[in-house]
Amino acid sequence: MSGSSSSECAGIIRRLQDKYGEIPWWPGDTDEVLIGAILTQQTRWENVTRALDLLKAGGLCSIPAIFYADTPDIENAIRCTGFYRVKARRLRALATFVMTRYGGTRAMEGVPTHSLREGLLSVPGIGEETADSILCYGFNRASFVIDAYTHRICRCRGIPEERGHLKAVFEEVLPREPGAYRQTHAHIVEYAKEFCGKKRCSKCILMSSDG
DNA sequence: GACCAGGTCCTTG
DNA sequence: CAAGGACATGGT
């Protein structure tokens with residue numbers, strides 16, 4: 001792996017840890033994480049929590065409930081997350097995959113990570129980021145999430161942005177523990193939301209020397 | 001009104 | 001394969 005990228009990423013990880021410490025992130029049971037992972041696509045998390053509350057109020061915040069629900073009921077609950085028709089379809093596709101292949105998320109816990117990932121990626125509407133979010137936050141697997149914020153931070157540090165490269169580098173540098181993966185990803189999002197615009201970063205604590 | 005948000009898929013060149 | 005567009009609501 002690129003030694004340069006590795007040391008840069010290691011530096012980013014360490015400085016973010018120093019800045020933020022332990023922060024809670026993406027709470028909820030497994031089913032709720034799967035649903036949230038779809039809803040948060042290209043959408044602010046605050047809008048997602050509102051939709052999750054509406055789903056809960058309607059008894060629709062679980063994979064079986066989504067599987068058996070009427071599509072219009074799902075659409076109404078998730079409208080505030082945008083792309084609501086597409087997302088309702090994706091939720092149905094995910095629920096269908098889980099229920100028909102495993103009978104529920106509980107039965108997926110013993111399935112090997114690479115096998116789970118492959119299955120998730122076969123579901124229409126689930127790409128690499130969503131799959132990794134589900135694996136890392138929903139199933140406690142060491143699969144690092146590369147999102148738009150990760151790209152921004154790495155761009156600002158001159159690290160090659162290709163997704164597979166970034167995923168490999170972070171997974172090489174971090175201890176192979178889901179908790180460490182979750183924490184680092186949470187740090188990246190917190191930092192980037194505040195300091196990294198789409199075009200340029202306003203401030204960069206990641207810039208300091210040593211590395 | 002313009003621009004953006006923790007993506008993914010489909011169509012074009 | 002790269003680039004562009006569609007999907008849609010809500011906040012700044």
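This one's a predicted model, so the numbers in the text were calculated from it and none came from an experiment. The figures here come from the full heavy-atom set of this structure, side chains too, leaving out hydrogens, waters and symmetry mates. Numbered from 1 within each chain, the chains take letters A, B, ... in sequence-line order.
A side chain to side chain contact (heavy atoms under 4.5 Å, CB included) with Cys9(A) holds for exactly one of Thr150(A), Ile153(A), Ile159(A); it is Ile159(A).
Atoms CD1 (Ile134(A)) and C1' (dG7(B)) sit 12 Å apart, rounded to a whole Å. To the nearest angstrom, C1' of dG6(B) lies 9 Å from OH of Tyr137(A). The separation between Leu52(A) atom CG and dG6(B) atom C1' is 14 Å, rounded to whole Å. At whole-Å resolution of the value, CD in Gln42(A) and P in dG5(C) are 15 Å apart. Atom NZ in Lys198(A) sits about 16 Å away from atom P in dA2(B), given to the nearest Å. At whole-Å resolution of the value, CD in Glu75(A) and P in dA8(C) are 8 Å apart. Between the CD1 atom of Ile146(A) and the P atom of dG7(B) there is a distance of 13 Å, rounded to whole Å.
Of the candidate nucleotides dC9(B), dA8(C), dG6(B), dC9(B) has the atom nearest to the side chain of Arg90(A). Nearest to the side chain of Thr130(A), among dT8(B), dT9(C), dG6(B), sits dT8(B).
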Distance-only donor-acceptor pairs under 3.5 Å for side chains of residues 93-102 of chain A, two or more places apart:
residue: Thr96(A); atom: OG1; partner: Arg92(A); partner atom: O; Å: 2.7
residue: Thr100(A); atom: OG1; partner: Thr96(A); partner atom: O; Å: 2.6

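Contact check for Ile23(A) versus Gln183(A): no side-chain heavy atoms found under the 4.5 Å cut-off.
Within 4.0 Å of Glu128(A), counting heavy atoms only, lie sugar-phosphate atoms of the nucleic acid but no base atom. Using a 4.0 Å heavy-atom criterion, one finds that Glu129(A) contacts the sugar-phosphate atoms exclusively.
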Using nucleotides 10-12 of chain C, report all nitrogen or oxygen pairs with the protein that are shorter than 3.5 Å.
residue: dG10(C); atom: O3'; partner: Arg50(A); partner atom: NH2; Å: 3.3
residue: dG10(C); atom: N2; partner: Arg44(A); partner atom: NH1; Å: 3.0
residue: dG11(C); atom: OP1; partner: Arg50(A); partner atom: NH2; Å: 3.2

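Looking only at atom types and distance, the side chain of Tyr181(A) has no donor-acceptor partner in the side chain of Arg141(A) under 3.5 Å away. His185(A) and Tyr137(A) share a side-chain donor-acceptor pair at under 3.5 Å. Side-chain N/O atoms of Asn47(A) and Arg44(A) include no donor and acceptor closer than 3.5 Å.
Of the side-chain N and O atoms in Gln41(A), none sit less than 4.0 angstrom from OP1 or OP2 of dG7(B).
Residue order along DNA chain B, read from the 5' end via each residue's closest nucleotide, puts Glu46(A) first among Val123(A) and Glu46(A).
The pair Glu75(A)-Lys87(A) does not meet the salt-bridge criterion, since no charged nitrogen lies less than 4.0 angstrom from a carboxylate oxygen.
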